[in-house]
Amino acid sequence: MSSEILSAAGSIPSSCLHRIFRAAETKEKESGAEVVKLHVGDPFFHPSEDVAEAFIDAVRRGETKYTGVEGLPELRAAVVEKLRSDNGVDSAVSRLLISPGSCQGLAALLQSLAEPGAEILLPELHWPVHLQQSLLAGFRPVLYPLGADLRPDPEVIAAAASPRTRVLLINSPANPTGVVLDRGELTALLELARDRGWHVISDEAYEHFLYEREHISVASLERDVPVDERIVHSVFSFSKSFAMTGYRLGYVALANDRAADVMKVAQEANIIGTSTPVQYAGIAALNSRFDASATNLKLVQRNRDVALPPLVRAGLLRELPAGGWYAMVDVTRSGLDAETFATRLLDRKGIAVVPGNGFAMRPELDDQGRVRSHDYAPWARHLVRIAFCVDPVTLETGVRGLIEFVDECEAGLASAG
Ligand SMILES: Cc1ncc(COP(=O)(O)O)c(C=O)c1O
């Protein structure tokens, strides 16, 4: 039998994120010293005590059997109420599915929307999981360029689309850019999608982390449209807002009942159901959501306001990110491309960051949807991503080391020249 890998999954190159993860682990093992980890979006704060208690109580009460594939009715009802009151989204229990993390909800949603040969529009600078999931679901990703300010332009998106386009993915606040889209921008994107007959996937994992303006849920913009005609599928997470990354809990508010029925089939096949005690923890998190999300926002905002301005002053960051947990730092001044920069920064200073090309892969597909070759958007070659949700001392140490390293590289260039 041939050992050639013929599956779509086998053709997807591993992401830079995973490579840097492994490199940081190896560095720690070899040096015995802790790496300053700015590469991963795991928060330094924890879920509130009532979340842990609800989880433990559920286990002790024996609430450890399967739930229905859609999730616990009490949790779904609480989510529908939260979407109505906090997000202005008119959902319903029949259109709401709980998932083990929003990542899995996204994957199942993409599976349920994919048609043979269908294209999905993603920004050229994207969260790599969006690209990987699209490929795994059988979509042909089309990566549209962003403007110099890293914002999407509806005209550019329209030009990148084709008669095979089925889905436009929107992620605001965005990973990795920190860009937050305003009501006007979201309305323009929604109108374009409606006009062309596309679905919209709105990934709102960072809905509570906005530093300059309010969060707009895309689905709130179509709340007056009859349910059967709605096109926005919204994906939310407990991971960021409530620091529940390891619990694995998220949800998808489908645009209409037909889409929900299809996604239920995908979920039955994928997961059977979401962990039952985790769902009880989710109910507790929603009950105390205002305190928890406001406290967590303050912690990350303080990090942003205190630790990131030196990067702006050093000319490495255009402006502070308007939302999310990440900043894209421009290391052109070091004279190194982002991969070399990240490798040497880890090696010499013990600081882990992610090279920008990890977020800018452009795959070429064969007729079967397998990746035949790939390259990277050229302008990402001098960007590295840092996460600013980590503890303040780690963040400040990492930022200081990164600036020092850029200065050292620059001085080396000057003396060599
Ligand atoms: C944009 C975006 N969406 C979704 C997720 C997934 O979150 P989770 O699966 O933990 O809910 C992440 C995690 O980093 C993310 O950055």
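When a ligand or atom number is given, it counts from 1 through the structure's own listing order. Predicted model, so just to flag it, every value in this text is computed and none were measured.
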Give me the residue, atom name and distance of the protein heavy atom closest to [atom].
{"atom": "atom 10 (O) of ligand 1", "result": "S239 OG, 2.6 Å"}
{"atom": "atom 2 (C) of ligand 1", "result": "D203 OD2, 3.5 Å"}
{"atom": "atom 9 (O) of ligand 1", "result": "R248 NH2, 2.8 Å"}
{"atom": "atom 5 (C) of ligand 1", "result": "W127 CH2, 3.3 Å"}
{"atom": "atom 14 (O) of ligand 1", "result": "K240 NZ, 2.9 Å"}

For ligand 1, find out whether one of its N or O atoms is nearer than 3.5 Å to an N or O atom of [X].
{"X": "T245", "value": "no"}
{"X": "N171", "value": "no"}
{"X": "Y206", "value": "yes"}

For [Y], does its backbone N or O pair with a side-chain atom of [X] as donor and acceptor, under 3.5 Å?
{"X": "E63", "Y": "T276", "result": "no"}
{"X": "N303", "Y": "F388", "result": "yes"}
{"X": "S99", "Y": "G101", "result": "yes"}

Pick one of side chain, backbone, both or neither for how [X] approaches ligand 1, counting any non-hydrogen atom pair under 4.0 Å.
{"X": "C103", "answer": "both"}
{"X": "V235", "answer": "neither"}
{"X": "F238", "answer": "neither"}

Indicate the ring-plane relationship of F242 and F238, choosing parallel, tilted or perpendicular according to the 30° and 60° boundaries.
-> tilted
Taking the six-membered ring for Trp, are F209 and F45 parallel (under 30°), tilted (30 to 60°) or perpendicular (over 60°)?
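If you compare the ring of F209 with that of F45, the planes turn out parallel.
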Atom indices of ligand 1, in the order listed, that fall short of 4.0 Å to a heavy atom of [X]:
{"X": "G101", "result": "9 (O), 11 (O)"}
{"X": "A205", "result": "2 (C), 3 (N), 4 (C)"}
{"X": "S237", "result": "7 (O), 8 (P), 11 (O)"}

**Study point:** W325 heavy atom under 4.0 Å from ligand 1
**Key:**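 W325 does not count as a contact of ligand 1 under the 4.0 Å cut-off.
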Quiz item: Could a heavy atom of Q104 be found less than 4.0 Å from some atom of ligand 1?
Solution: no
For D261 and K264, run salt bridge (Lys or Arg N to Asp or Glu O under 4.0 Å): C-alpha distance rounded to whole Å, both residues' side-chain angles, the deciding distance at 0.1 Å, then the answer.
-> CA-CA 5 Å; D261 288 344; K264 253 181 250 174; 3.5 Å; yes
Do the non-hydrogen side-chain atoms of [X] and [Y] ever get within less than 4.5 Å of each other?
{"X": "Q267", "Y": "Q104", "value": "yes"}
{"X": "S217", "Y": "F236", "value": "yes"}
{"X": "W379", "Y": "L125", "value": "yes"}
{"X": "R248", "Y": "C103", "value": "yes"}

query: Would K82 and D86 count as a salt bridge (Lys or Arg N to Asp or Glu O under 4.0 Å) if you check the C-alpha gap in whole Å, the side-chain angles of each, and the deciding distance to 0.1 Å?
result: CA-CA 5 Å; K82 174 260 179 194; D86 304 5; 5.5 Å; no
Of A387, G246, S102, A174, which has the heavy atom at the shortest distance from atom 7 (O) of ligand 1?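 It is S102 whose heavy atom sits nearest to atom 7 (O) of ligand 1.
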